[in-house]
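Encoded as structure tokens, the structure appears first; notes follow it.
The chains referred to below are lettered A, B, ... by the order of the sequence lines, with proteins before strands, and numbering in each begins at 1.
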Amino acid sequence: MSEGAAKGFGKKPEPKEERRKFQAIKGTRDLLPPETALWNRVEQAAQEIFASYGFGEIRLPIFETTDLFARSIGLETDVVSKEMYTFGDRDETSVSLRPEATASVCRAYIEDGMQQLPQPVKLYTIGPMFRRERPQKGRYRQFYQIDAEVLGGSDAPGIDGELIEMVMMFFERLGLEGVQLEINSIGDKQCRPKYVELLRAELQKVKDQLGPDSQRRIETNPLRVLDSKLENEQKLIAGMPHIADHLCEACAENYRGVKKELELRGVKYRENWRLVRGLDYYSRTTFEITAKGLGSQNAVCGGGRYDGLMELLGGPPTRATGFAIGEDRLILSLQETGQTPAPPRRDVYIAWMGTKVYATAIRAARNLRTAGFSVELPPVEQKFGKALGQADKLGARYALILGDNEVSSGEWTLKTLADGTQQKLTEPQLLDFLRNL
RNA sequence: GUGGGAGUAGCUCAGCUGGUAGAGCGUCGGACUGUGGCUCCGAAUGUCGUGGGUUCAAAUCCCAUCUCCCACCCCA
């Protein structure tokens, strides 16, 4: 081991911490069986469905230079200004654990020359993100996102429509309950600034009736005031101008197109003119999907179009749209509505006794496993009654009984745990029998 | 970053107005050394989240701190 690798450990004297209990860092957690089976099921479904829409998987670094995120997400956003895990690398460059995936996908698109591929390029990625927030229900400091992006090509509403259809299809396949899609258009570089000014002016008129947070946002980000949940602000906000009435013709046309696309695809949506996304790079269509059983952090998916981002990152002008699913929340919702995975089972538990049969037991286990069965082979000899007890506790379907009698006669005993019946089978018969279930 | 609630065995929790820990479940062992689920018996495991204070005496009262949960905020 190099000296450098050891640096930083055991530096400060630790007086009397001999029996220190280690625990996971705040906001992080272990995912254990059987819950991990549910995670796998979700990720497999995503892979299958996304593949059917022509998406390929991209695997990305978990950390990047800090300015990639600062540039794309926006310096003023909470995510960048106070929630990133940022540290200096050995050579002083500032790097950050990724708080989301879109910036990295765009970086990769440019860096790996994906403009050369047939457009649009459709990518998805699944993995952990990091944000230093106060944990609560459905919110962790390390959380998982299932992310999909459509890069390049046109801004045809069909692209947004298909993307949204895909998530909805995914949720439906999983049996997610209480799914609600909300959409909005927040305009583009042409029309949004004008609307923001108008909104700011209107908000100024009622400034003294707003709370301190909203007052501050009149200057920093008026759109966010629309997001406020404060009871006494609702009436005022309801009277504010709607962005839909102030979109430029191109944006308005595009928004109509997206809604038409959703209707064509039978996707139910609700328009929410107050839906504003928190990340700077969004433009035009934005959407959010909520589901049942989630507490106050109830968005399982958020996304939208970000046509200007690629240029901002030094790439060619490239249209793009995408979404991120909060996998932790998705799974939470599935669990809250009763989708609990069964604990792992064994097909066959091998109850062997007598050192003479051990070799046979090992061979049987290997052959059964090769044939695709889940097999438990106790590593030491046990009392017979206990072995069956273990088989029972592990939820095994069959117990393969191997003792002197079986080995000498060549007729093995297979016991069905559910009803207690037994049968004698030769080794080839056993495999046949199990295969034909 | 700001509030509220909670930390006692692996899990769920009891422990009244201070007298240095208990139940159920689970785990393991036995009754039952070639037939499991039931029943019965037995065992192990806690510096009572951590540190300090009050007291002859603290799981219990006081202060601090950490962690978890929920909400604000923000977002997936």
Side-chain angles (χ1 to χ4, degrees), chain A residues 15-29 32 73 76-83 99-102 126-148 167 211-214 216-217 221 224 227-230 275-279 282 287-291 294-304 322-333 349 351-354 357 381-396 398-406 413-422:
Chain A
K16 49 163 198 171
E17 279 206 82
E18 293 145 35
R19 294 207 310 165
R20 177 177 171 196
K21 254 205 280 179
F22 287 101
Q23 52 180 329
I25 286 172
K26 187 190 189 81
T28 70
R29 59 193 180 139
L32 310 173
I73 300 167
E76 303 305 317
T77 59
D78 283 12
V79 170
V80 169
S81 65
K82 49 192 190 201
E83 294 174 359
E100 56 114 43
T102 303
I126 301 175
M129 308 294 158
F130 305 84
R131 300 210 301 228
R132 200 182 185 292
E133 299 178 274
R134 194 82 166 250
Q136 77 187 71
K137 187 169 189 176
R139 190 167 75 184
Y140 305 94
R141 289 182 172 184
Q142 174 173 341
F143 60 101
Y144 294 77
Q145 285 191 340
I146 300 173
D147 191 270
V167 216
D213 281 335
S214 293
R216 185 168 38 78
R217 290 198 191 107
N221 192 348
R224 292 225 66 88
D227 230 13
S228 166
K229 286 172 201 140
L230 290 179
L275 176 66
V276 182
R277 311 259 71 229
L279 278 33
Y282 285 112
F287 62 95
E288 185 168 293
I289 302 171
T290 54
L294 285 177
S296 84
Q297 308 300 321
N298 64 350
V300 271
C301 177
F323 65 74
I325 293 167
E327 192 176 359
D328 306 75
R329 292 181 189 174
L330 173 54
I331 294 211
L332 180 62
S333 177
Y349 187 99
W352 60 276
M353 55 221 120
V357 310
E381 186 175 4
Q382 306 175 87
K383 280 189 204 164
F384 191 50
K386 177 150 174 225
L388 288 182
Q390 282 291 324
D392 197 46
K393 279 180 202 153
L394 292 173
Y398 298 97
L400 175 60
I401 298 167
L402 289 180
D404 290 339
N405 299 344
E406 282 77 9
T413 306
L414 187 70
K415 184 182 182 81
T416 307
L417 274 317
D419 58 18
T421 57
Q422 301 190 168

When you check every protein heavy atom under 4.0 Å of nucleotides 29-35 of chain B, what one-letter string (B, S, -) results, 5' to 3'? SSS-SBB
Send over the distance from [X] [atom1] to [N] [atom2], rounded to a whole Å.
{"X": "Tyr140(A)", "N": "C68(B)", "atom1": "OH", "atom2": "C1'", "value": "11 Å"}
{"X": "Ile325(A)", "N": "A76(B)", "atom1": "CD1", "atom2": "P", "value": "12 Å"}
{"X": "Leu32(A)", "N": "C11(B)", "atom1": "CG", "atom2": "C1'", "value": "13 Å"}
{"X": "Leu330(A)", "N": "C75(B)", "atom1": "CG", "atom2": "C1'", "value": "16 Å"}
{"X": "Asp419(A)", "N": "G36(B)", "atom1": "CG", "atom2": "C1'", "value": "13 Å"}
{"X": "Gln382(A)", "N": "G36(B)", "atom1": "CD", "atom2": "C1'", "value": "12 Å"}
{"X": "Asp227(A)", "N": "C72(B)", "atom1": "CG", "atom2": "C1'", "value": "14 Å"}
{"X": "Leu332(A)", "N": "C75(B)", "atom1": "CG", "atom2": "P", "value": "20 Å"}

Interatomic distance at [atom1], [N] relative to [M], whole Å:
{"N": "G22(B)", "M": "C63(B)", "atom1": "P", "value": "30 Å"}
{"N": "C73(B)", "M": "C16(B)", "atom1": "P", "value": "39 Å"}
{"N": "A71(B)", "M": "C56(B)", "atom1": "P", "value": "46 Å"}
{"N": "G15(B)", "M": "U27(B)", "atom1": "P", "value": "27 Å"}
{"N": "U20(B)", "M": "A59(B)", "atom1": "C1'", "value": "9 Å"}
{"N": "A21(B)", "M": "C28(B)", "atom1": "C1'", "value": "23 Å"}
{"N": "C69(B)", "M": "A31(B)", "atom1": "P", "value": "45 Å"}
{"N": "C11(B)", "M": "G52(B)", "atom1": "P", "value": "26 Å"}

Mapping Lys393(A) and Asp328(A) to their closest nucleotides on RNA chain B, which lands nearer the 5' end?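 With Lys393(A) and Asp328(A) compared, the 5'-side residue is Lys393(A).
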Restricting to nitrogen or oxygen on both sides, can you table the protein-nucleotides 1-4 of chain B pairs closer than 3.5 Å?
| residue | atom | partner | partner atom | Å |
| --- | --- | --- | --- | --- |
| U2(B) | O4 | Arg134(A) | NH1 | 2.6 |

Test item: [X] side-chain N/O and [Y] main-chain N/O as donor-acceptor pair under 3.5 Å:
{"X": "Glu381(A)", "Y": "Gly354(A)", "answer": "yes"}
{"X": "Arg141(A)", "Y": "Pro135(A)", "answer": "no"}
{"X": "Arg131(A)", "Y": "Pro99(A)", "answer": "yes"}
{"X": "Asp328(A)", "Y": "Tyr144(A)", "answer": "yes"}

Sugar-phosphate only, base, or nothing, as touched by [X] at under 4.0 Å among non-hydrogen atoms:
{"X": "Gly27(A)", "answer": "sugar-phosphate"}
{"X": "Gln297(A)", "answer": "base"}
{"X": "Gly295(A)", "answer": "sugar-phosphate"}
{"X": "Ala299(A)", "answer": "sugar-phosphate"}
{"X": "Ala291(A)", "answer": "nothing"}

Distance-only donor-acceptor check, side chains Glu406(A) and Thr413(A), under 3.5 Å: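 Yes - a donor-acceptor pair under 3.5 Å links their side chains.
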Only Watson-Crick and G-U wobble pairs, only distances under 3.5 Å, only runs of 3 or more: what stems does that leave for RNA chain B?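 Expected stems, ordered by start: B:1-7 with B:66-72, B:10-13 with B:22-25, B:27-31 with B:39-43, B:49-53 with B:61-65.
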Euclidean distance, [Y] [atom2] relative to [X] [atom1], rounded to 0.5 Å:
{"X": "Leu417(A)", "Y": "Asp392(A)", "atom1": "CG", "atom2": "CG", "result": "6.0 Å"}
{"X": "Glu327(A)", "Y": "Met129(A)", "atom1": "CD", "atom2": "CE", "result": "10.0 Å"}
{"X": "Arg132(A)", "Y": "Gln142(A)", "atom1": "CZ", "atom2": "CD", "result": "14.5 Å"}

Set of side chain to side chain contact (heavy atoms under 4.5 Å, CB included) partners for Asp404(A), sequence neighbours left out: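 Listed in chain order: Lys356(A), Val357(A).
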According to side chain to side chain contact (heavy atoms under 4.5 Å, CB included), who are the partners of Leu388(A), at least two apart in sequence or on a separate chain?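 For Leu388(A) the side chain to side chain contact (heavy atoms under 4.5 Å, CB included) partners, ignoring immediate neighbours, are Phe384(A), Ala399(A), Lys415(A).
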Looking at the base of C73(B), is there any donor atom on it, or on the side chain of Gln136(A), that sits under 3.5 Å from an acceptor on the other one?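 Indeed there is one.
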Is there a side-chain polar atom (N or O) of [X] under 4.0 Å from OP1 or OP2 of [N]?
{"X": "Lys137(A)", "N": "C72(B)", "answer": "no"}
{"X": "Thr77(A)", "N": "C75(B)", "answer": "no"}
{"X": "Lys26(A)", "N": "C68(B)", "answer": "yes"}

With the side chain counted from C-beta on, respond yes when Thr416(A) and Tyr398(A) share a heavy-atom pair under 4.5 Å apart, and no when they do not.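 Yes - at least one pair of side-chain heavy atoms lies under 4.5 Å apart.
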With a 4.5 Å limit on heavy-atom distance, are the side chains of Thr77(A) and Glu83(A) in contact?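 Not touching, per the 4.5 Å side-chain cut-off.
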Sequence-distant partners of Glu100(A), salt bridge (Lys or Arg N to Asp or Glu O under 4.0 Å), two or more places apart: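 Once residues adjacent in sequence are excluded, Glu100(A) has no partner under the salt bridge (Lys or Arg N to Asp or Glu O under 4.0 Å) criterion.
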Electrostatic pair Arg224(A):Asp78(A) at N-O distance under 4.0 angstrom: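 No, no charged N to carboxylate O under 4.0 Å.
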